[in-house]
Amino acid sequence: MKPAALLFAALFASPAWAETHEVRMFNRNDRGPMIYEPDRLRIAPGDAVRFLPAQPGHNAATIDGMIPAGAEPFKSRINEDFTVTLTVPGVYGIKCSPHFAMGMVMLIEVGEAPPPVLPDDLPARARDRFEAILARGEE
């Protein structure tokens, strides 16, 4: 096989392509105030998550103590359409920096992930929201 044909075959023989999952950020929806929709994702390593500010004043940032070992923390700017690719398997806790104390949080599970461990220092409303997310189970 010619080198160009080998390159073409290598590029297009992949069994699966990474997906991009969209998460919208709201001041309020049917689940309450200050919410990500969806507030829980299960994705494959290498998939991307695109955070879209459906209403102004929000961002997406990792929560200290709630990302897998070896994963890079991230923080978008307020009102920014932001995409991040997550490659390290595990559970990622995500917060809206200005509304963390109001409970604006979500979970992203990448690959096979153990149940999340909630840090002791979470604001009360963030803890309540995480517990509600976990109580609903997988959707």
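FYI, the numbering just counts along the sequence from 1.
By the 4.5 Å heavy-atom criterion applied to side chains, P116 and L134 are counted as neighbours. With contacts defined as side-chain heavy-atom distances shorter than 4.5 Å, the pair R125/V105 does not qualify. Side-chain contact between E80 and P53 is absent, with no heavy atoms from C-beta onward closer than 4.5 Å.
Cluster partners of F26 are I35, counting Ile, Leu, Val, Met, Phe, Trp and Tyr whose side-chain heavy atoms approach within less than 4.5 Å, directly or via other members. Other members of the hydrophobic cluster containing M102, listed by chain and number, are V23, M25, M34, Y36, L41, I43, V49, F51, I67, F74, F82, V84, L86, V88, Y92, I94, M104, M106, I108, V110; membership follows side-chain contacts under 4.5 Å among ILVMFWY residues, whether direct or relayed.
A donor and an acceptor atom, one from each side chain of H58 and N27, are located under 3.5 Å apart.
The pair D39-R136 meets the salt-bridge criterion, since a charged nitrogen lies less than 4.0 angstrom from a carboxylate oxygen. Salt-bridge annotation for E131 and R129: absent, with no side-chain N of the basic residue lying under 4.0 Å from a carboxylate O of the acidic one. Taking 4.0 Å as the cut-off between side-chain N and carboxylate O, R50 and D81 count as a salt-bridged pair.
When all heavy atoms of I133 and R40 are compared, the pair lying nearest together is O-NH1, 3.5 Å. Nearest approach of P119 to G65, heavy atoms of both residues: CG-O, 4.3 Å. Minimum heavy-atom separation, P89 to P45: CG-CG, 4.1 Å. Contact between H99 and G57 at its shortest, heavy atoms only, is CE1-O, 3.2 Å. Between G90 and A113, the shortest heavy-atom contact is C-CB, 3.7 Å. Taking each heavy atom of P68 and V91 in turn, the nearest pair found is CD-O, 3.4 Å.
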(Q) Pair E37, R24 - check salt bridge (Lys or Arg N to Asp or Glu O under 4.0 Å), show working. (A) CA-CA 5 Å; E37 183 62 42; R24 297 191 181 284; over 6 Å; no
Q: Check step by step if side chain to side chain contact (heavy atoms under 4.5 Å, CB included) holds for M66 and L107.
A: CA-CA 9 Å; M66 287 191 74; L107 287 175; 3.9 Å; yes
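Residues passing the ring pair (Phe, Tyr, Trp, His ring centres under 6.0 Å) test with H21: none are found, sequence neighbours excluded.
Considering CG of D47 and CD of E19, their distance stands at 5.5 Å, rounded to 0.5 Å.
Heavy-atom neighbours of N79 CG from other residues, nucleotides or ligands within 6.0 Å: above the threshold of 12.
Judged purely by atom type and a 3.5 angstrom limit, T87 has no side-chain atom pairing as donor or acceptor with the backbone of G46. At distances below 3.5 Å, not a single donor-acceptor pair connects side-chain atoms of N59 with backbone N or O atoms of C96.
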